[in-house]
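Read through the structure below, which is laid out as structure tokens, and then see the notes.
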Amino acid sequence: MSVLAVAGGQLLADSVISFDLGALARNFWALTIDGLTYGAIYALVAVGYTLVYGVLRLINFAHSEIFMLGMFGQYATLMLLGFGPSGNAYSEGTMMTIVYLGIAMLGGMAVAGGAAVGLERVAYRPLRKRGAPSLVFLITAIGASFVIQEFVHFVLPKLTGGTLGGVNAQQPIRLVQASDVISFANTSISNIEIVIVVSALTLAFAADVFINRTKFGRGIRAVAQDPVTATLMGVSRERIIMLTFLIGGILAGAAALLYTLRVPSGILYSGGFILGIKAFCAAVLGGIGNLRGALLGGLLLGVMELYGQALFGTEWRDVVAFVLLILVLMFRPTGILGESLGRARA
Amino acid sequence: MSTTPHDPAAGSEHGDQHLGTDEELVTSDTMPEEFLPDGGVIETVAVDVADLHPELADAEQVAELVAPDRTIRAKVGEPLLQMQQVTMKFGGLTALDDVTFDIRRGEILGLIGPNGAGKTTCFNTMTGVYRPTTGQVVFDGRPLGRTKRNEITRLGIARTFQNIRLFSDMTALENVVVGTDARHRTSVPGAIFRSRRHRAEERDALDRGMALLEFVGIGRRATQQARNLPYGDQRRLEIARALATEPKLLCLDEPAAGFNPAEKEDLKGLIRKIRDDGYTVLLIEHDMRLVMGVTDRVVVLEFGRKIAEGLPAEVSADPAVIAAYLGVPDDATA
Amino acid sequence: MSTETTSTVAHLGIGDRFRLWWDALARPTQWAVGVPFIVLIALLPIIKPPVLTTVGTDFAGVLAQFGMYALLAIGLNVVVGQAGLLDLGYVGFYAIGAYTVGLLTSPDSPWNQTDSWLSQKWAWLFALPIAIAITAISGLILGSPTLRLRGDYLAIVTLGFGEIVRLLADNLTTITGGGRGLSRIAYPIVGVSESRPTGYFSAGNNQAPITSGVAWFWLSIVLIIVVLLVVGNLQRSRVGRAWVAIREDEDAAEIMGVPTFKFKLWAFLIGASIGGLSGALYAGQVQFVIPTTFNIINSTLFLVAVVLGGQGNKLGVILGAFVIVYLPNFFLGRTELFGIPINGNEIANYKYLFFGLALIVLLIFRPQGLFPARQKLLAYGREVYVAARRAALALTRPTSDETTGGSR
């Protein structure tokens, strides 16, 4: 039909021809660095998804809201420390800035970690006790996600006299003045990017060590592989589950601070949603249930996103993650590094 | 005993004269109900089967309704399924090692062996779920290739499960009808517009379904939810559902698990009845007494190898078989 | 392993009492009761009963929206409730249906056909089946590669699909109008007169008693009945049974010979078609489409309707849809309730919070929803249930013995 031909033609003219390889080539290094920065953040959040999935076979849909709460947590911590939104960044000196950021990160971690454990207690544990099928867990997770979002949207402003939450994003509190530290090719790496990537990698490394080298980590892996035997070996399943959520929450809280450094105007009730989905895509990309897979997937997704943005235009950036997800699930559902546990195909 | 004359038009979709307005009150207040924790309220009422279909009162007619209607190449007594030097390796593990035996049409064959002997692998290879590493499986004259799971019944093999896997949200009758659906062809357009084929197949499903339930002995439970049936009836229901697919070969995977001796006797009777109705039965079991009492021939596996085959009496006296199950005294191996 | 307990007379829920009463009625009686009931519902926006009528918005408009959401709930119920496939991106089908009508009939669209072969008068009517067809095809495209995935993955993939559709609508600006959307979409032109120069279905029709809201509400009632008949026929057939089997135990279903992939795909197709139908209705009613309507939050609302009403129960989900549409609108503009002053607008704002909470609470304490499904899966099953009931009545007569069945 001629309508279809016209339609196809216009689609081509609209999106595919704005396939700008030149933009990608010109800005390759800048894009890669930026991609790795975002990717590091995705990686930390992805670990939360992957751990919970590994232990419970549950996609914790509300993890994106845990991240969002982390953002508000670190913001509130900064406010308590006496900082406020302002046009220019504070300049407290490198040492103190790091200290303050560290405290804010701890604040974010505390809020996110606490929220994660609370979520598990209130929403998931009763379902586990009743032996609900996994469909029900998923739907509850969605419900929890919306409850938390709407809580920050409407209730939090009432509780904090309008300083936190509400319809608009929080006014940014800038602690760090962005400045270029290393220059090469035709691009440079800024201090913020270094902080983000280094912190994220450190935390990721710590998480990896924890999972693979400590007694608690062994417990997590045991419960993930065989809950019944683990219980027989004296591992408390409930405690492990709580620990898993706690770790995921803590990492998400850390990621929240790092994200705010990069996107200061992103602290909004709906600010976690898309990022959460992308982080989940990253976890699947790397291999769900696999911690290193989550890290790899996060970095990879971050970079691919930025390349996609250069190639097709900014408005298509979010689509990259979804398309990648669908492709991965269709062609290699176990992800790049493979699933550690369980299988993807029905 | 129903005192109202059986009206063939009663209960049809277009008229229902037997329940007047004064009777629903009776129904809802005095009918014993079961309250399930998940909110389901189920009638534990028995269906008076003969009231529904007079022919179901007669056991012979039931057997006729239930008998399979399929062309089978192999004649009675000839091999229906042949395992020919089947070896099955998973990586370094050899689950089956050069296993050869036949299942003859019309017999009840027992497949026994201690845990880990390879019975389940053997079973999966027979049904085409696994492809043998070497050797082949010939079913009704044709070599078995790799089969997709939902084509197994089309081949003509039906099975029950070790852990009962009924559709718990459906009634007993509905469970059996899913089995009959395997041989039907109605799809979405036919269902939406109620084509002639749809109506004929639904009629057939209902008639055969009721007959099958009656055949295995649970006719009165037709409208009860599958999850509410007593354990023994659930096992029978699974058998009825498998029979509904009109299999050439019926495979029963540990059907007596959890039964007491009296129930095992009933089960033996049912298995014989199934065979007498024209089916071939493969029985995988642990319980020696059950197997010896009902099978025509027995095959014994141990560590993936066939160690004995023959009449039950021969096999149960075979020292190798006894050793496999009971172990050998230390000095005998020295 | 269940043991049979016979004589504990437990408490019968309202739904079950009602169902027992309803099932016992003869067909003609069922029609005699059902039809007046439906007529009464249809007349609600005209009668405008005092407490029920919404204060802040047009009651007929609310009911018209309820009609569309009810259709969506029935469609999603086929996918989620019956076949057990968690589809989080159902809003995508809604969007495709609406945008197809928009693209074909809006003057803003480059693919507008109303100046070529679609006459303005019949534009919407002709665009309707096209919208359904296109949405069905999209369901096919989405389902074919993804229905082999396990439940949780399917959920995320469908979520991605829903978002991709919205992003496409938002970004393909020259075709879809981007954020501005498409306006002046065609609507059925029926009953042009002096007081209604653009007919009953135009958004400009405010002429009481039959305003545009009323007209669209009646149209959706008709469509709901048709869809219910179709879905009902499917339930009481091989297809419906396959869906329940797939939902319960997909592996066992396959081993019993159920062609699971085929019927999962059909479930998707039918769900998509119904979604597309509802989208086309929406486009015709509000006469413009913008991407923000079709976001994940609304997708979740449809899910809430299904879960609330009772997954698998096609009538229950209609009630679920009524709750999620009506309740927020009930509060809108209301400043007092039973003498207590309230801020209705604020309460309406909290709707997502309340529904999210409702979802969590429901799934913990009553996962089967308000009206649990008791679907009939046999086309000629009525006679069996009647026989069962007859046997039950025999219980009340002291001489009968209900534990003997079968041959005598």
Side-chain angles (χ1 to χ4, degrees), chain B residues 11-14 16 18-19 23-24 26-28 30-35 38-39 41 43-52 57 59 149-150 152-154 165 167-170 173-174 177-179 181-182 184 186 188 191-192 194 198 202-203 206 214 219-220 222-223 227-228 230-231 245, chain C residues 1-13 16-17 20-21 24 26-27 230 233-234 237-239 241-242 244-245 248-249 252 254-260 266 366 368 372 377-380 382-396 400 402-403 405-408:
Chain B
S12 68
E13 293 244 85
H14 301 287
D16 191 344
H18 287 259
L19 293 175
E23 280 172 305
E24 318 93 319
V26 173
T27 312
S28 42
T30 61
M31 193 156 60
E33 302 279 6
E34 228 178 66
F35 180 64
D38 69 352
V41 179
E43 315 166 10
T44 50
V45 198
V47 175
D48 194 351
V49 166
D51 200 23
L52 183 66
R149 255 194 291 199
N150 56 19
I152 298 177
T153 50
R154 195 168 345 137
R165 292 174 81 168
F167 304 122
S168 42
D169 223 14
M170 294 189 189
L173 181 56
E174 287 160 359
V177 167
V178 172
D181 282 341
H184 290 159
T186 306
V188 171
I192 294 181
R194 304 184 121 210
H198 160 80
E202 289 293 308
R203 268 264 141 247
L206 193 73
E214 191 52 31
R220 67 191 186 285
T223 58
R227 68 181 145 197
N228 293 347
Y231 180 71
T245 64
Chain C
M1 265 160 255
S2 55
T3 47
E4 187 183 11
T5 59
T6 40
S7 46
T8 354
V9 181
H11 123 273
L12 276 175
D16 295 295
R17 275 189 197 277
L20 284 171
W21 167 75
R27 266 304 152 117
V230 168
N233 280 347
L234 283 171
S237 75
R238 180 169 176 245
V239 181
R241 290 191 288 271
V244 177
E248 294 271 317
D249 189 340
E254 278 200 305
I255 294 177
M256 284 299 131
V258 176
T260 52
W266 267 115
R366 199 175 161 89
Q368 69 274 25
L377 297 172
L378 298 166
Y380 298 113
R382 207 175 152 78
E383 47 197 70
V384 189
Y385 292 101
V386 164
R389 206 155 283 122
R390 205 176 297 136
L393 296 177
L395 282 176
T396 66
S400 68
E402 88 278 23
T403 55
S407 49
R408 304 173 183 155

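Below, read A as the first sequence line, B as the second, and so on, with proteins coming before strands; counting in each chain starts at 1.
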How close do B:Arg194 and C:Asn233 get, heavy atom to heavy atom, and via which atoms? NE-OD1, 3.3 Å

Using side chain to side chain donor-acceptor pair (under 3.5 Å) as the criterion, list what pairs up with C:Arg238, not counting sequence neighbours. none

CE (C:Met256) and CD1 (B:Ile152) are apart, to the nearest 0.5 Å, by 9.0 Å

Heavy-atom pairs under 4.5 Å with chain C, option from B:Val178, B:Asp181, B:Thr153 with the top count: B:Asp181

If we only count heavy atoms from C-beta on, is the C:Asp249 to B:Phe167 side-chain gap below 4.5 Å? yes

Contact class of B:His184 relative to chain C, heavy atoms under 4.5 angstrom: both

Given heavy-atom pairs under 4.5 angstrom as the criterion, report whether the side chain, backbone, both or neither of C:Val258 touches chain B. both

Listed by chain and number, what are the salt bridge (Lys or Arg N to Asp or Glu O under 4.0 Å) partners of C:Glu254, not counting sequence neighbours? B:Arg149

Contact between B:Thr186 and C:Val239 at the side-chain level, heavy atoms closer than 4.5 Å - yes or no? no

When the 4.5 angstrom heavy-atom criterion is applied to B:Arg154 and chain C, the contacting part is neither

Between B:Met170 and C:Arg241, what is the shortest heavy-atom contact and its length? CE-O, 3.4 Å

Do B:Ser168 and C:Glu248 have side-chain atoms, one donor and one acceptor, less than 3.5 Å apart? yes

Just verifying a value: how many Å separate C:Thr260 OG1 and B:Asn150 CG, rounded to the nearest 0.5 Å? 5.5 Å

Rounded distance (nearest 0.5 Å) linking atom CG of C:Leu378 with atom CD of B:Glu202: 7.0 Å

